[in-house]
Number of protein chains: 2
Amino acid sequence: MSKASSETGRKDNAVPLRDKQRTWSIGELARMFEVTPRTIRFYEQEGLIAPQRIGQKRIYHTRDRVRLKLTLRGKRLGFSLAEIREVITMYDAMPGGNARQLQRLLEILAERREELDRQLEDIHLMRMEIDNVDQRAREALRKLDQTN
Amino acid sequence: MSKASSETGRKDNAVPLRDKQRTWSIGELARMFEVTPRTIRFYEQEGLIAPQRIGQKRIYHTRDRVRLKLTLRGKRLGFSLAEIREVITMYDAMPGGNARQLQRLLEILAERREELDRQLEDIHLMRMEIDNVDQRAREALRKLDQTN
DNA sequence: CAAGCACTTTACGTTAACGTAAACCTCGTC
DNA sequence: GACGAGGTTTACGTTAACGTAAAGTGCTTG
């Protein structure tokens, strides 16, 4: 994907335990995750993040950082922002959610799990395909080297 | 993903060995893979498939069917059509390709493999995340059941 | 206090991957 | 020979996920 292949080289964005209370600006987060501020604002607009405000400025807490990470991970797996939001917002409404909401959440989770399983299968097949082509390319190269 | 989640229930499109020589119309293929004819024509326009023509009509052979399957699999994994084409066309130019082309193909394959590995990791993490939420949702439900 | 940097909002632009509609062939069949 | 089912081309429309540009705010640093 132009999406995925352009994300070669993920940044290590682990945060020390004692930084649990740290906050970040939009620019800092953008650099951490190698996205633009625009992207982060867009996710907020779509209801995926809800940073604190101090005056005009957005302040991101650990909670927001985690959400962003989950969102980007979901994106790499091909999920739409709408689907990601569906899970994230329900996750939020959980402690206190009524039984119907919880049941619905379980359904959604089951769907996601199935989707992930399908992807695992796809990855397997794709890998075999790639290994196959790889083999044949190497053999073709060997034959070229021999005749030259 | 609207893409993926709308593809719940993949069709078994295995083809018996003695059907290796069979051909298909665009409509048949479309039904097999649960896409519209428009989609298949679009993939042709983008250089991913190149069916035979008899008069006006497109005739699809096993080779085309395989390509379509690979394309859709790639799509489910989030690859763009451009990336898929890059591999498919090089795969075609292989028997007879020069050394530079083959080397390039090996590079592309390596990239794809890395991308797949990243996706595997993402799936793992995502699964843990989902299992986690699932647990908490079930507990919340249990507590609700107890108090009622 | 001017300059610069990081942030803000608003709004229009862009790209990929098709959807959809119209208008036209070409069969087999009733 | 009308017609219905499948196919065809052409072309404009749509949606998601941002990119990009303009114009303004607020701090701090020389």
Side-chain angles (χ1 to χ4, degrees), chain A residues 1-7 23-61 64-65 67-88, chain B residues 1-7 23-61 64-65 67-88:
Chain A
M1 39 185 148
S2 50
K3 295 180 293 187
S5 66
S6 67
E7 279 171 17
T23 68
W24 296 270
S25 75
I26 195 171
E28 289 173 323
L29 267 196
R31 256 164 285 145
M32 291 181 79
F33 292 101
E34 296 184 295
V35 297
T36 69
R38 166 64 172 143
T39 298
I40 301 182
R41 290 196 197 98
F42 181 73
Y43 290 168
E44 174 179 353
Q45 177 183 326
E46 295 296 298
L48 293 164
I49 322 180
Q52 182 196 349
R53 293 283 186 140
I54 292 189
Q56 283 253 91
K57 313 221 151 148
R58 295 166 169 86
I59 306 291
Y60 297 87
H61 295 224
D64 305 303
R65 212 180 53 83
R67 279 184 176 222
L68 179 54
K69 192 191 319 199
L70 289 178
T71 300
L72 294 174
R73 183 178 297 152
K75 277 223 58 195
R76 282 195 300 267
L77 293 178
F79 293 96
S80 74
L81 295 184
E83 293 172 310
I84 298 171
R85 178 182 46 208
E86 199 177 18
V87 173
I88 283 187
Chain B
M1 43 185 140
S2 50
K3 294 179 295 185
S5 66
S6 67
E7 278 169 16
T23 68
W24 297 270
S25 73
I26 195 169
E28 290 173 323
L29 268 196
R31 258 166 282 143
M32 289 180 81
F33 292 101
E34 296 183 295
V35 297
T36 69
R38 166 65 172 142
T39 298
I40 301 183
R41 290 196 198 98
F42 182 72
Y43 291 169
E44 174 179 353
Q45 177 183 327
E46 295 296 298
L48 292 164
I49 323 180
Q52 182 196 349
R53 293 284 184 139
I54 290 188
Q56 283 253 91
K57 313 220 152 149
R58 295 167 168 85
I59 306 291
Y60 297 87
H61 294 223
D64 304 304
R65 212 181 52 85
R67 280 183 173 221
L68 179 55
K69 192 193 317 196
L70 290 178
T71 299
L72 293 174
R73 184 179 297 152
K75 277 222 57 193
R76 282 194 300 267
L77 294 178
F79 292 97
S80 74
L81 295 185
E83 293 172 310
I84 297 171
R85 178 183 44 207
E86 200 177 18
V87 174
I88 283 188

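Lettering of chains follows the sequences in order, A, B, ..., and the numbering in each one begins at 1. Fair warning: this is a prediction, and the values are worked out from it, not measured in the lab.
- Taking the side chain to side chain contact (heavy atoms under 4.5 Å, CB included) definition, one finds that Ala82(B) meets it with Ser80(B), Arg85(B), sequence neighbours left out.
- Taking both residues in full, the closest heavy atoms of Ser25(A) and Tyr60(A) are given as C-CD1, 4.0 Å, listed atom of the first, atom of the second, then distance.
- Taking 4.0 angstrom as the limit, Arg58(A) places a side-chain polar atom (N or O) nearer than this to OP1 or OP2 of dT9(C).
- Within the model, atoms CG of Leu72(A) and CG of Leu68(A) stand 4.5 Å from one another, a figure rounded to the nearest 0.5 Å.
- Contact check, Lys75(A) against dC18(D): a side-chain N or O comes under 4.0 Å of OP1 or OP2.
- Neither OP1 nor OP2 of dC18(D) sits under 4.0 Å from any side-chain N or O of Thr36(A).
- Here the P atom of nucleotide dC18(C) and the CZ atom of Arg76(B) are 13 Å apart, to the nearest Å.
- Atom CD of residue Glu28(A) and atom OG1 of residue Thr23(A) lie 7.5 Å apart, to the nearest 0.5 angstrom.
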Nucleotide N/O to protein N/O under 3.5 Å, stretch nucleotides 21-26 of chain C:
none

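- Taking the side chain to side chain contact (heavy atoms under 4.5 Å, CB included) definition, one finds that Ile88(A) meets it with Leu48(A), Arg67(A), Thr71(A), Ile84(A), sequence neighbours left out.
- You'll find the side chain of Arg73(A) stays beyond 4.5 Å of the side chain of Phe79(A), heavy atoms only.
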With a cut-off of 3.5 Å and sequence neighbours excluded, list every side-chain donor-acceptor pair involving residues 37-46 of chain B.
from	atom 1	to	atom 2	distance (Å)
Thr39(B)	OG1	Thr36(B)	OG1	3.1
Glu44(B)	OE1	Arg58(B)	NE	2.6

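- Per the geometry, CZ belonging to Arg31(B) stands 13 Å off P belonging to dA5(D), to the nearest Å.
- Remark: Arg41(B), Arg53(B) in residues 38-53 of chain B come within less than 4.0 Å of DNA chain D through at least one heavy atom.
- Of the candidate nucleotides dG7(D), dA17(C), dA17(D), dG7(D) has the atom lying nearest to any side-chain atom of Ile26(B).
- Between the CD1 atom of Ile84(B) and the C1' atom of dA17(C) there is a distance of 11 Å, rounded to whole Å.
- Rounded to whole Å, atom C1' of dT8(D) lies 13 Å from atom CD1 of Ile59(B).
- Atom P of nucleotide dC18(C) and atom CG of Leu68(B) are separated by 11 Å, given to the nearest angstrom.
- Applying the side chain to side chain contact (heavy atoms under 4.5 Å, CB included) rule to Gln52(A) yields the partners Ile54(A), Ile59(A), His61(A); only residues at least two apart in sequence or on another chain are considered.
- Atom CD in Glu86(B) sits about 14 Å away from atom P in dA16(C), given to the nearest Å.
- The two atoms that bring Arg53(A) and Gln56(A) nearest to each other are NH1-O, 2.7 Å, heavy atoms only.
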